[in-house]
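Data block below; observations after.
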Amino acid sequence: MTPDIEHRAVVLLSGGLDSAVCLALARRDGLAAYALTVDYGQRHSLEIERARKQAAAQGAAEHKIVRVDLRAIGGSALTSDQEVPAGRERVEPGAPAPATYVPARNTILLSLGLAWAEVLRAEALYIGANALDYSGYPDCRPEYLAAFQHLARLATQAGTSEHWQVKLEAPLVNLSKADIVRLGRGLQVDFSLTSSCYNPGADSRPCGRCESCLLRAKGFGEAGVQDPLRR
């Protein structure tokens, strides 16, 4: 039976580790989770297939894949032919974002999530932003998330005429990658159905050299958990 609408949540599901844990958290909290994956032309499109499998494994109430071609805009190593940097870029406060920053990506993804949440009259919209993204990605910082929450109250017909409000949930925002791995393990997330690599090989194996691979390896190592993708 479909839960009452006040118990619905939209979860931005990229196919990566963080969003998989967010989906599990929404399910743990008794919400019917409506997973939204955006195919924005990212070179690491393996994530999309992993998102499909993760949504099925976790029993998402519905899973939508929406196409928005950000390659037409470019400006990122993830949406162009620009080489994906190896190693983790050190980003000092006030310095330009890393080459893997996609201009306005989270604003676009959250706007799509907000639109679906309004249609569903969902009570929550989940995003997997976390502490390790603060320095390089401005759209993962708490002040940005607070600003989007304010926008969500003003930008919808339901919000202005029906007093409907959706709460932006970023449950991982203060957690390290190791914390997220431990949390996901406790929630029985199948990490083999995730992909974090920005530049996976033709055989779907992670490159092991990009920033995202290094952060993932560090998180699993510090958590004392074997990454199923690195066996």
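The minimum heavy-atom distance between A35 and W116, with the atom names listed, is O-CZ3, 3.3 Å. The shortest heavy-atom contact between A24 and V189 is CB-CG2, 3.6 Å. Minimum heavy-atom separation, G184 to V21: CA-CG2, 3.8 Å. Minimum heavy-atom separation, D18 to G128: CB-O, 3.5 Å. Scanning all heavy atoms of the two residues, the minimum distance from A57 to L193 falls at CB-CD1, 3.8 Å. Summarising the geometry of V84 relative to A77, their closest heavy-atom pair is CG2-O, 4.0 Å, with the distance given to 0.1 Å.
Q149 places a side-chain N or O within 3.5 Å of a backbone atom of L168 that can act as its donor or acceptor partner. With E211 contributing its side chain and P85 its backbone, the two residues share no donor-acceptor pair below 3.5 Å. Side chain of N106 to main chain of D139: a donor-acceptor pair is present (N/O by atom type, distance under 3.5 Å, no hydrogens or angles). Using a distance-only test at 3.5 Å, with no hydrogens or angles considered, a donor-acceptor pair links the side chain of W164 to the main chain of A122. No donor-acceptor pair under 3.5 Å is formed between the side chain of R230 and the backbone N or O of D227.
No continuous path of ILVMFWY side-chain contacts below 4.5 Å connects L13 to L229, so the two sit in separate hydrophobic clusters. Y198 and L109 fall within a single hydrophobic cluster, where Ile, Leu, Val, Met, Phe, Trp and Tyr side chains are chained together by heavy-atom contacts under 4.5 Å. In the hydrophobic cluster analysis, where Ile, Leu, Val, Met, Phe, Trp and Tyr join through side-chain heavy atoms closer than 4.5 angstrom, I108 is grouped together with L110.
The stretch residues 27-43 participates, sequence neighbours left out, in these salt bridge (Lys or Arg N to Asp or Glu O under 4.0 Å) pairs: D39-R67.
The aromatic rings of F148 and Y144 are tilted relative to each other, their planes meeting at an angle between 30° and 60°. The aromatic rings of Y137 and Y101 sit tilted, their planes meeting at an angle between 30° and 60°.
Judged purely by distance below 3.5 Å, without hydrogens or angles, the side chains of S212 and S196 never pair a donor atom with an acceptor atom. Using a 3.5 Å distance cut-off with no hydrogens or angles, the side chains of T37 and H63 do pair a donor with an acceptor. For the residue pair R216 / T194, a side-chain donor-acceptor distance below 3.5 Å is found, with atom types taken as modelled.
Residue R71 places its CZ atom among more than 12 non-hydrogen atoms of other residues, nucleotides or ligands, all under 6.0 Å distant. Within 6.0 Å of CG in D81 there are 12 or fewer heavy atoms belonging to other residues, nucleotides or ligands. Summarising the local packing, CD of E143 is surrounded by more than 12 heavy atoms from other residues, nucleotides or ligands at distances under 6.0 Å.
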Verdict with supporting geometry, V11 and Y34, side chain to side chain contact (heavy atoms under 4.5 Å, CB included): CA-CA 6 Å; V11 180; Y34 289 75; over 6 Å; no

Check against side chain to side chain contact (heavy atoms under 4.5 Å, CB included), R8 and R121: CA-CA 8 Å; R8 292 177 175 178; R121 297 300 191 270; over 6 Å; no

Salt bridge (charged side-chain N to carboxylate O under 4.0 Å, His left out) assessment of K177 paired with E222: CA-CA 9 Å; K177 193 65 73 174; E222 291 179 350; over 6 Å; no

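Residue R50 is tested with S45, S204, S19 for a side chain to side chain contact (heavy atoms under 4.5 Å, CB included); the sole match is S204.
Within the model, atoms CG of N199 and CG of L46 stand 11.5 Å from one another, a figure rounded to the nearest 0.5 Å. Here the straight-line distance linking atom CG of L12 with atom CG of L125 works out to 5.5 Å at 0.5 Å rounding. To the nearest 0.5 Å, the span separating OG on S76 from CD on Q42 amounts to 10.5 Å. Here L172 contributes atom CG and Y126 contributes atom OH; the two are 10.5 Å apart, rounded to the nearest 0.5 Å. Here the CG atom belonging to L214 is positioned 7.5 Å from the SG atom belonging to C207, to the nearest 0.5 angstrom. Atom-to-atom distance recorded for L17:CG and L215:CG is 11.0 Å, nearest 0.5 angstrom.
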